[in-house]
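The block underneath contains the structure these notes are about, expressed in structure tokens.
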Amino acid sequence: MTDRQPPVLRATGLAKSFGHVQALRHGELTVHAGEVVALVGDNGAGKSTLISCISGTHLPDAGEVRVDDRPMPLGSIKAAMEHGIATVYQGLAMAPDLSVAENLFLSCELRRPGLLGRLGLLDKKAMRERAWELMDSLGITTLQDVTLPVGDLSGGQRQVVAVARAVSRAGRLVIMDEPTAALGARQSQMVIETIRATRDRGLGVVLISHDLPRVLEVADRIVVMRLGRVVADVPARDLKIGQIVALMLGEQNDPREESLPA
Ligand SMILES: Nc1ncnc2c1ncn2[C@@H]1O[C@H](COP(=O)(O)OP(=O)(O)O)[C@@H](O)[C@H]1O
Ligand SMILES: [Mg+2]
């Protein structure tokens, strides 16, 4: 991470209202390559709305998103994907009857070479091999068999597959909305390790999570939202859980401001 390289993501001044609910008043988010940024805040703070404006599922009323310093068209999932942004949404979209390998390649299946491929025949062997390579490169050891249907996996294993799928599609940034919600301690740990491996591949990661102890374990920077605004953006090593909670609840100001001379 150097200052000479532009950040992977720079979102500024994002705003979004739903009717008269102003869900997002001032969304700011910067992420560098190889960095995990945790986005935290109480329920309704605007976290999901902010990332939806970045991943293209919502068209913001105002603001700008730049990827590698290039402006990205807003309100288009396709444009966000083409800019290398992949998102793991709250509540996964995976096909339970399809295998791990098939889910990894869902809607970008590998076809057999030549005429058979043009006739629509899938290259299952190549997909299995690529699935193994991907698991291996992310240090995922929990899956013994990529031909198992996703519906037969544990919640943690399924979440790991969802993260792996996003990683395989993201050139620059992976966004995860509550990837460890509803998981037990061991399973959450598995997901956190996959997030670390994702960062180590040089991708930027945005992690939304309520699990503050785990957030502090993995995040390089913490961005706190309250009532639709970003109220703090601080290196994770400077923060304790109590301070994050105080920022979330509005009981403490951004620590950066406190350290400024009066
Ligand atoms: N599609 C929507 N329609 C109406 N209100 C919404 C919609 N999405 C979010 N909101 C409202 O916007 C606010 C922020 O929500 P959200 O971004 O989901 O917060 P968070 O993810 O931090 O819990 C909440 O008050 C929520 O009820
Ligand atoms: Mg949310």
Side-chain angles (χ1 to χ4, degrees), residues 9-31 36-65 72 74-77 79-80 85-94 155-156 158-159 162-163 165-166 170 173-183 187-188 191-192 195 198 204-216 218-219 221-234 236 239 241 243-254:
L9 176 83
R10 192 190 291 281
T12 46
L14 289 174
K16 178 76 184 173
S17 293
F18 300 101
H20 51 254
V21 177
Q22 215 177 345
L24 185 63
R25 292 160 193 272
H26 199 76
E28 305 271 344
L29 194 59
T30 301
V31 185
V36 178
V37 176
L39 188 57
V40 303
D42 211 351
N43 282 331
K47 306 178 296 293
S48 294
T49 305
L50 172 57
I51 61 123
S52 299
C53 289
I54 294 167
S55 64
T57 45
H58 287 329
L59 174 64
D61 306 326
E64 189 192 39
V65 175
M72 183 180 88
L74 298 178
S76 160
I77 297 172
I85 298 176
T87 307
V88 181
Y89 293 98
Q90 231 170 332
L92 312 166
M94 274 202 286
R158 233 176 295 173
Q159 194 58 263
V163 174
R165 179 166 70 176
L173 181 75
V174 178
I175 299 173
M176 305 180 207
D177 198 350
E178 307 270 7
T180 60
L183 296 185
Q187 307 234 319
S188 297
V191 174
I192 293 295
I195 293 173
T198 304
V205 178
V206 177
L207 168 66
I208 296 182
S209 176
H210 281 111
D211 188 346
L212 296 180
R214 283 225 162 62
V215 159
L216 279 177
V218 72
R221 202 144 48 75
I222 314 263
V223 171
V224 184
M225 289 190 73
R226 193 164 60 86
L227 304 175
R229 294 174 196 280
V230 169
V231 294
D233 183 340
V234 201
L239 283 178
I241 289 177
Q243 290 174 295
I244 303 177
V245 173
L247 286 163
M248 283 167 52
L249 300 177
E251 292 163 356
Q252 187 188 323
N253 292 324
D254 188 335

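Both ligands and their constituent atoms are indexed starting at 1 by order of listing.
For atom 18 (O) of ligand 1, the closest non-hydrogen atom on the protein side is Ser48 CB, 3.7 Å. Regarding atom 11 (C) of ligand 1, its nearest protein heavy-atom neighbour is Val21 CG1, 4.0 Å. For atom 16 (P) of ligand 1, the closest non-hydrogen atom on the protein side is Thr49 OG1, 3.6 Å. Regarding atom 19 (O) of ligand 1, its nearest protein heavy-atom neighbour is Gly46 N, 3.2 Å. Protein heavy atom closest to atom 6 (C) of ligand 1, with residue, atom name and distance, is Phe18 CD1, 3.3 Å.
Taking only non-hydrogen atoms, the option from Gly228, Gly41, Ala23 nearest to atom 13 (C) of ligand 1 is Ala23. Comparing heavy-atom distances from atom 23 (O) of ligand 1 across Ser17, Cys53, Gly44 singles out Gly44 as nearest.
With a 4.0 Å cut-off on non-hydrogen atoms, Asp42 touches ligand 1 through its backbone and not its side chain.
The side-chain heavy atoms of Val223 and Arg221, taken from C-beta on, include a pair separated by under 4.5 Å. In this structure, the side chains of Met225 and Thr49 stay at 4.5 Å or more apart for every pair of heavy atoms. The shortest distance between side-chain heavy atoms of Leu29 and Val230 does not fall below 4.5 Å. Counting only heavy atoms from C-beta outward, the side chains of Arg214 and Val191 never approach each other to under 4.5 Å. The closest side-chain heavy-atom distance from Cys53 to Val65 is not below 4.5 Å. The shortest distance between side-chain heavy atoms of Leu14 and Ile54 falls below 4.5 Å.
Atoms of ligand 1 found under 4.0 Å from any heavy atom of Asn43, numbered from 1 in the order shown, are 23 (O). Taking a cut-off of under 4.0 Å to the non-hydrogen atoms of Ala45, the atoms of ligand 1 that pass are 19 (O), 20 (P), 22 (O).
Using a 4.0 Å cut-off between charged nitrogen and carboxylate oxygen, Arg226 and Asp42 do not count as a salt-bridge pair.
Atom 27 (O) of ligand 1 is never approached by the protein to below 4.0 angstrom, counting heavy atoms only.
Any N or O atom pair closer than 3.5 Å counts here, and His58 shares no such pair with ligand 1.
Applying the side-chain contact (heavy atoms from CB on, under 4.5 Å) criterion to Thr57, with sequence neighbours excluded, gives Ser52, Ser55, Ile77, Tyr89.
At least one N, O or S atom of Ser48, from either the backbone or the side chain, sits less than 2.8 Å from the Mg ion (ligand 2).
Just one residue in the list Ile244, Leu207, Asp233 forms a side-chain contact (heavy atoms from CB on, under 4.5 Å) with Ile222, and that residue is Ile244.
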